[in-house]
Number of protein chains: 2
Amino acid sequence: MQKKKVSLKDIAKKVGVSIATVSYVLSKDKESKVSLAVAARVKKAAKELNYQPNQIAKSLKSGKTFTIGLILADISNPFFAHIARIIEDEASKKGYTVIFGSSDEKAEKSWDLIQFLINRQVDGFIIAPTEGSQEQIKYLKNQNIPFVLIDRCFPELVTNYVIIDNFKAAFEAVDRLVKTANKKIGVIAYSTTLHHMKERIHGYYEAMHKNGLEVKKEWVKEIDFFDIKEGIKTAIDEMLMNKNPVKAILFTTNSLAIHGLKYLDELNYRVPQNISIVSFDEGEAFDFYYCPLTHIKQPLLEIGRTAVKILIEQISDPSLEEQQILMNATLIVRKSCDRR
Amino acid sequence: MQKKKVSLKDIAKKVGVSIATVSYVLSKDKESKVSLAVAARVKKAAKELNYQPNQIAKSLKSGKTFTIGLILADISNPFFAHIARIIEDEASKKGYTVIFGSSDEKAEKSWDLIQFLINRQVDGFIIAPTEGSQEQIKYLKNQNIPFVLIDRCFPELVTNYVIIDNFKAAFEAVDRLVKTANKKIGVIAYSTTLHHMKERIHGYYEAMHKNGLEVKKEWVKEIDFFDIKEGIKTAIDEMLMNKNPVKAILFTTNSLAIHGLKYLDELNYRVPQNISIVSFDEGEAFDFYYCPLTHIKQPLLEIGRTAVKILIEQISDPSLEEQQILMNATLIVRKSCDRR
DNA sequence: AATATATGTTTAATCGATTAAACGAAAAAA
DNA sequence: TTTTTTCGTTTAATCGATTAAACATATATT
């Protein structure tokens, strides 16, 4: 059996005062009410007994748990793991704990997590929402539960969010590819209605258009989340084996790039000699890739910190206006898109 | 303001019965006490109001939070992120939530986290302990707070733990290096008193000894956690630039291997032509390394699942004996140690 | 000396759920 | 008909902390 924990009651008994007095002493700011002599004895006893306040009881009374629910696609994905770490640090600085859950991009799992965490009385959420989770987000709004979306957002809903300008990021990347002598450029994205993905594709189209380049149907590929490996193969095969094979590819996520580059290797395509590459996000994996990769770098630290900041503001004052933060990604230019 | 949540009180009022009756109805197993008619009305009302029990209140009453505290070195390290994900899934299957924290290998941070999570009334801990955290572990034992150590353990303390046989893993790896024509083998580890690291080094020594090979002082390097990059450089320089340069290196962690391989690249050493390599753990990063890496694969899924299983057993019955689980790692042989 | 004010401490309600014990009414046993 | 059981429901205590309000004392004011 766990040694029963020391409570205010135990201190009160030991010192010979009421529980209330002990409470007043130990909640600092109210100390003035209590005589110095008694306060000293209470503090001494608290130290001797190694009193640790029961946060559960505090939470029940106050309705606050100082806990943030963090819902990501998959904590074992380096991109999300990195964000999780940043959020953890930032939250902890402000006295908040993080409870996380992985949705695996499934709306149902996401809903289960939300329900679960609401029952655990989290004070708010930071969510990278899955496709089709609009109703869940609306529910949170209706219930006035504070939350901030990250990485993705639903433009049709007014919510807090912190994301990058995906359109611009993709646009700049493709524009760069064009500038470095590429005309036949393809894009590989996930097959999803999620706005950030659409924006990345949109950015691609606009950059092509702005540069007066035609886009062939075979150059734009959307791949199923749940079968990346096969999807990538088919997509790349189709991009390369037609009368207008692409000479450059924009991968819209880290995972897509990893799988794509592996397959290009199998096909004995060399980067950048045979094909140019730009990818979203970084990854340890790329460190060992023979050709330094041009990629779109998201300001993860700012995203995480801002999300926590907005959430905590919102928790303290739920009447605040929702904030929409659009950050800029940076195009890090390396060898992989240089074919001159 | 957050819409105030529906409580038993609200249902009771709506139905016109006491709170106790509602509680009896909704706690299923006791349903028999209540008349079917009333039970039906209560259930209906609960559904209509979308009642969600307040877990905080439940926890206060029961003393159980169904929450596990997970303390790792760094959630953004893929090795730990992977374990975290496994633990999350396994815990969630059994109705537990995970609260995590990163210790950054610092005993002080670890202690803060433990205190913090105890106040949050976690039911137990899964911990990858840091160097010098023995007292913290003893404290948990004294307080009879259930916990399971993973990845590392303190042999001088009787605790639950789930680790791999590090000695054996290192032994087999080095033995394999010897069998593939290497005689001059070095090892790079962290400079720490943590037992798992010592065991890995010990395994190296024993394998060398068993094969009748002498170990030069310059071949065994221990590197500071907090300055890997520089440490690796110095270590490798010293291993290579002496009258008995090594022809093979065992890296005792993933991160050491990543930094080490990068530096070897800088030095224009080719694997396995100029040097053989074996590493602990896998990593996405290795996928793009030009030479497939021989590595020691830990059974992460089993480790995570077993740790959760033992912890929950221990939570349910704290009088159970501590369990020490030693799992076997697997040596995955690839090209990086094949110099014949 | 009588009254007002300040000071220090306790009482008791509260958060939301659980549950032993008490209670009242109906059904069964005498 | 009276007594005993059974059944269904409510009362009230509890978990640990907070905090308004009540209550004593002591001190200050008139």
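Since the structure is predicted, the reported quantities are computational estimates derived from the model, not experimental observations. Naming: A, B, ... by sequence-line order, numbering from 1 per chain.
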Item to complete: Would you check if B/Lys309 and B/Glu90 make a side-chain contact, meaning some heavy-atom pair closer than 4.5 Å?
Response: no
Interface polar pairs with nucleotides 14-16 of chain C, N/O, under 3.5 angstrom:
from, atom 1, to, atom 2, distance (Å)
C/dG16, N2, B/Ala57, O, 3.3

Between [X] ([atom1]) and [N] ([atom2]), how many Å, whole number?
| X | N | atom1 | atom2 | answer |
| --- | --- | --- | --- | --- |
| B/Lys64 | C/dT19 | NZ | P | 13 Å |
| A/Ile11 | D/dT18 | CD1 | C1' | 15 Å |
| A/Ile19 | C/dT10 | CD1 | P | 11 Å |

Worksheet item: Is the NZ atom of B/Lys13 crowded by more than 12 outside heavy atoms at less than 6.0 Å?
Response: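 Incorrect, the count does not exceed 12.
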Pair [X], [Y]: side-chain N/O donor-acceptor within cut-off below 3.5 Å:
| X | Y | result |
| --- | --- | --- |
| B/Gln55 | A/Asn119 | no |
| B/Ser59 | B/Gln121 | no |
| B/Ser76 | B/Asp74 | yes |
| B/Thr67 | B/Arg120 | no |

Discussion item. Looking at A/Lys106 and A/Asp112, is any side-chain nitrogen of the basic one under 4.0 Å from a carboxylate oxygen of the acidic one?
Written reply: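 Salt bridge between A/Asp112 and A/Lys106, a charged N being under 4.0 Å from a carboxylate O: no.
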Item to complete: Indicate yes or no: does A/Asp89 engage A/Lys93 in a salt bridge with an N to O separation below 4.0 Å.
Response: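 Here A/Asp89 does not pair with A/Lys93 in a salt bridge, since their nearest N and O are not under 4.0 Å apart.
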Fill in: Contact pattern, 5' to 3', of nucleotides 4-9 of chain D - B, S or - by protein heavy atom under 4.0 Å
----BB
